[in-house]
Amino acid sequence: MSVRAKKHLGQHFLTDENIAKKIVDSLSMNHYQKILEVGPGMGVLTKYLLEKEAEIFVAEIDKESIDYLQQHYEKLDEAHFTGDFLKLNLEDQFKSQVAIIGNFPYNISSQILFKIIDYYDHVPEMVGMFQKEVAERTAAVPRTKAYGILSVLVQALYDVDYLFTVHENVFNPPPKVKSGVIRLTRNPKEGLVGNEVLFKKIVKAGFGQRRKKLSNSLKVLEIPEALQTHIFMDKRAEELSIADFISFTQEWKDAM
Ligand code: SAH
């Protein structure tokens, strides 16, 4: 018996054991005892995770997959199934730190990344497979097309490594696009503390009209008087580094 792939759940099952092992081995495993796998499906990653010295939890919404996992992996008792990842309160569920791993459902990629940022204090590390384009955007550097809101919001809190690309033919059924595996490692968010909300607003407005200079794109916010002649105002959002955005946010705050 195996699980029938359902399109609306973003199910594409990885069939290459070496790649599965490589993804699991990309977690550093150093600083935590709990790992949550999002979207385990038939457990191609789970079985390697269960060999590790950590407590493994799985977030899965497909009933058929859950039945399959319960039948095939004795170690996974009911208490280790958490249901829908997007509805999960990571703080209540885990109390302490939890690393996240998964070959994620691609239809909710950015929601997964934004959720991890929201739970920054609880998530020290994430290793995951996304559609290649999302993996690239998350890891992108300034002055590239891929650099945008996702890159800046994630990289302000996590160091991002693009690890490797995965071809569509190692999945059943094959997705339409290539995939990319990335690792997020939490970095100390000095400079951003207390300014997260304003930071997000500036980044979103700046990239909202990414072809325009910040003096234009930031007009939707109330630009403090003292910043109207700031040297960044003559630049486009994609020219600013993460550190630039962080220092700019601080200056903005001070000028308010
Ligand atoms: N990790 C498996 C399956 C990947 S397919 C493999 O590599 O083969 C993505 C999986 O995510 C599916 O099993 C799907 O049921 C599950 N999924 C989809 N939405 C989800 C959600 N909101 N929370 C948890 N799991 C979800």
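Order of appearance sets the numbers: ligands from 1, and atoms from 1 within every ligand.
Under a cutoff of 6.0 Å and an axis angle of 45°, Arg186 and Tyr120 form a cation-pi pair. Because its NZ or CZ atom is not both nearer than 6.0 Å to the ring centre of Tyr73 and within 45° of the ring axis, Lys47 does not count as a cation-pi partner of that residue.
When the side-chain hydrogen bond (donor to acceptor under 3.5 Å, both in side chains) test is applied to His72, no partner is found at least two apart in sequence or on another chain.
Across Val160, Val141, Asn187, a single residue satisfies side-chain contact (heavy atoms from CB on, under 4.5 Å) together with Gln155, and that is Val160.
Formation of a donor-acceptor pair under 3.5 Å by the Glu37 side chain with backbone atoms of Val58 is not found in this model.
Protein residues with a heavy atom closer than 4.0 Å to ligand 1 are Leu9, Gly10, Gln11, His12, Phe13, Leu14, Glu37, Gly39, Pro40, Gly41, Val44, Ala59, Glu60, Ile61, Asp62, Asp84, Phe85, Asn103, Pro105, Ile108, listed by chain and number.
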inquiry  = Before you tell me yes or no, could you show the steps for Glu238 and Arg143 under salt bridge (Lys or Arg N to Asp or Glu O under 4.0 Å), namely the whole-Å CA-CA distance, both residues' side-chain angles and the distance that decides it to 0.1 Å?
reply    = CA-CA 5 Å; Glu238 65 180 40; Arg143 294 169 195 274; over 6 Å; no
